[in-house]
Amino acid sequence: MSQLLIRGGRPLRGEVAIQGAKNSVLPILAATLLTAGQVEVRNCPRLRDVDASVRILQSLGCQARWEGASLLVDTAGLNGCAISDTLMREMRSSAIFLGAILARCGQAELSYPGGCELGPRPIDLHLNGLRELGAEIDDSGGLLHCRAARLQGRELVLSLPSVGATENLMLAACGAEGVTTICNAAREPEIGDLQDFLNACGGKVSGAGTSAITIEGGRQLHGCAYTVMPDRIAAATYLCAVASAGGEGFLRGAREQHLSTVTAVLREAGCDVRRSAEGIACACRGRPKAVRPVRTAPYPGFPTDAQAVLMAALLRSRGTTVFEENIFENRYRHVDELTRMGADIRVAGRVAVVTGTETLHGTNLRCTDLRGGAALCVAALAAEGQTHVSEIGHIDRGYQDIVGDLRDLGADIARIETEE
Ligand code: EPZ
């Protein structure tokens with residue numbers, strides 16, 4: 001079994017290249033189902049979730065293969081519209097394939113994507129929107145039987161700015177007749193990447209980054225070569241690693257406009273954060289300062305995916321910081337593990353109160369989820385002694401090479417194999 005061995009207590013110094021964005025490439029891979037011809041996905045991160053998406057595409061009869069850092073996808077051979085329960089369970093966000101399969105095939109069969117470590121992950125907004133576009137969806141019995149002889153574009157209003165629902169409906173709308181407008185759409189940068197990808201394939205999508213996205217349906221999309229945007233949450237993770245351990249680091253390719261709420265908090269904590277066309281530089285001397293309450297919110301608010309890693313970076317801060325997790329019900333599972341290192345964190349419902357302590361001590365930790373696992377690594381960099389982190393499959397879902405990346409920043413970290 002693989003584990004990470006981290007020896008903390010020393011400042012970082014180095015430069016890391018930021019991977020392609022997981023939460024951008026997953027909907028883009030689903031969108032390849034809308035295209036005729038080959039798609040070259042450049043800067044595609046090698047992640048377990050990408051592998052799962054490739055298996056889904058291949059199970060539908062499509063071809064997908066790596067060529068260096070690019071994934072070449074050709075969906076001409078599509079011969080199915082069902083995703084197996086096994087594949088659906090491998091990756092919770094596989095629901096993102098529903099809209100594209102419906103648009104391409106006129107029908108789709110898939111099981112309800114499971115919940116995940118973060119709590120229930122309902123897809124009612126996805127299904128309601130697809131029904132409003134004309135799909136007939138029988139969701140009794142845990143299976144989704146979907147039919148859409150034709151999808152008709154119209155105005156859709158989301159009751160909350162769901163990222164996945166916005167993406168699913170953008171893809172379905174590409175296959176609808178006429179124009180669709182999604183109101184109260186999510187504004188995350190990954191939505192903009194999906195819009196740019198669809199337009200590079202000959203689509204006509206506009207408004208991404210605002211709350212109203214307009215999609216002109218009925219256009220035949222062709223293949224293209226597209227470069228995935230840098231992963232803003234991986235960038236946030238490594239900024240927090242520097243804040244946690246102290247020292248300085250350069251994140252090549254990171255775009256501060258995608259994570260300005262994170263850099264604002266790190267500046268408040270005393271870090272010197274500077275952006276350039278090439279990336280983001282971050283320098284932190286000594287212990288960070290506690291910051292004003294951190295409330296997670298849909299973009300452009302503070303990203304829920306950075307909550308755990310920022311918490312880890314503030315465990316040795318001077319003072320007390322209040323966190324409020326407003327997006328997911330169960331996103332403090334990393335707290336119990338962090339307190340095993342000597343952290344002082346009190347959780348009450350959606351609120352977590354972090355009181356900085358002088359020292360953290362290395363110990364054996366277990367990942368609970370993707371970003372919680374990354375947070376354990378961030379905390380271990382500031383801890384005295386060594387830390388073993390197990391169940392690192394969670395981390396491999398979203399980080400292409402967290403060991404190599406942190407080593408590039410000067411961390412003493414290794415992936416080791418253990419008997420158990
Ligand atoms: C995306 O998940 C990301 N995943 C998540 O990143 C991210 O945390 C989340 O957006 C919020 O930014 C991918 O892009 C693959 P939502 P998604 O739909 O689309 C509720 C990571 O660590 N909701 O915006 O599932 C839902 O329960 C992952 O990289 C409904 O109630 O997020 C949640 O409370 C974790 N009904 C809230 O909305 C629905 O139909 C936000 O969910 C859909 C969502």
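From a predicted model like this one, the values you see are computed outputs, not experimental measurements. In each ligand, atom 1 is the first atom listed, and ligand 1 is the first ligand listed. All values below come from the heavy atoms of this structure, side chains included, with hydrogens, waters and symmetry mates left out. Numbers here simply count residues along the sequence, with the first being 1.
The pair Arg55-Glu90 meets the salt-bridge criterion, since a charged nitrogen lies less than 4.0 angstrom from a carboxylate oxygen. Ion pairing between a basic and an acidic side chain is recognised when a charged N comes within 4.0 Å of a carboxylate O; Arg366 and Glu391 show such pairing. Classification of Arg42 and Glu40 as a salt-bridged pair holds, one side-chain N sitting under 4.0 Å from a carboxylate O. Between Glu190 and Arg232 there is a salt bridge, since a side-chain N of the basic residue sits under 4.0 Å from a carboxylate O of the acidic one. Salt bridge Asp85/Arg89: present, at least one basic N to carboxylate O contact under 4.0 Å. With salt bridges taken as basic N to acidic carboxylate O contacts below 4.0 Å, none links Arg252 and Glu278. Checked for salt-bridge contact, Arg331 and Asp305 meet the test: a charged N lies under 4.0 Å from a carboxylate O. Arg46 and Asp396 are not joined by a salt bridge, as no carboxylate oxygen comes within less than 4.0 angstrom of a charged side-chain nitrogen. A salt bridge links Arg397 with Asp49; the closest basic N to acidic carboxylate O contact falls under 4.0 Å. Classification of Glu109 and Arg147 as a salt-bridged pair holds, one side-chain N sitting under 4.0 Å from a carboxylate O.
Only the side chain of Leu370 comes within 4.0 Å of ligand 1, counting heavy atoms alone; its backbone N, CA, C and O stay farther away. Contacts of Asp305 with ligand 1, taken as heavy-atom pairs under 4.0 Å, involve the side chain alone.
Under 3.5 Å, the side chains of Arg371 and Thr304 contain no donor-acceptor pair of N or O atoms. A side-chain N or O of Asp193 and one of Tyr226 form a donor-acceptor pair less than 3.5 Å apart.
By the 3.5 Å distance cut-off applied to N or O atoms, Ala165 is not counted among the residues near ligand 1. Not a single N or O atom of Leu160, backbone or side chain, sits closer than 3.5 Å to an N or O atom of ligand 1. Of the N or O atoms in Ser93, none lie within a sub-3.5 Å distance of an N or O in ligand 1. Considering backbone and side-chain atoms together, Asn23 places an N or O closer than 3.5 Å to an N or O of ligand 1. Among the atoms of Glu167, none of the N or O lies under 3.5 angstrom from an N or O of ligand 1.
When each atom of ligand 1 is checked for a heavy atom of Gly164 under 4.0 Å away, the hits are 18 (O), 19 (O). Listed by number with element, the atoms of ligand 1 under 4.0 angstrom from any heavy atom of Ile123 are 39 (C), 40 (O). The contact set between ligand 1 and His126, taken as ligand atoms under 4.0 Å from a residue heavy atom, comprises 40 (O).
Of all protein heavy atoms, the one closest to atom 11 (C) of ligand 1 is Thr304 CG2, 4.0 Å. The protein atom (non-hydrogen) at minimum distance from atom 34 (O) of ligand 1 is Ile327 O, 2.6 Å. What sits closest to atom 36 (N) of ligand 1 on the protein, heavy atoms only, is Asp124 OD1, 2.8 Å. With hydrogens left out, the protein atom closest to atom 18 (O) of ligand 1 is Ser162 OG, 2.7 Å, a heavy atom. Atom 22 (O) of ligand 1 has as its closest protein heavy atom Arg371 NE, 3.0 Å. Closest to atom 32 (O) of ligand 1 among all protein heavy atoms lies Phe328 CZ, 4.2 Å. Looking only at protein heavy atoms, the nearest one to atom 40 (O) of ligand 1 is Leu125 N, 2.8 Å. For atom 43 (C) of ligand 1, the closest non-hydrogen atom of the protein is Pro122 O, 3.3 Å.
The closest approach between Ala186 and ligand 1 stays at or above 4.0 Å for every heavy atom of the residue. In this structure, Arg397 has no heavy atom closer than 4.0 Å to ligand 1.
Of the options Arg331, Glu190, His394, Arg121, the smallest heavy-atom separation from atom 17 (P) of ligand 1 is shown by Arg121. Counting heavy atoms only, Val163 comes closest to atom 12 (O) of ligand 1 of the residues Asn326, Ile191, Val163.
Atom CG of Leu102 is separated from atom SG of Cys146 by 5.0 Å, given to the nearest 0.5 angstrom.
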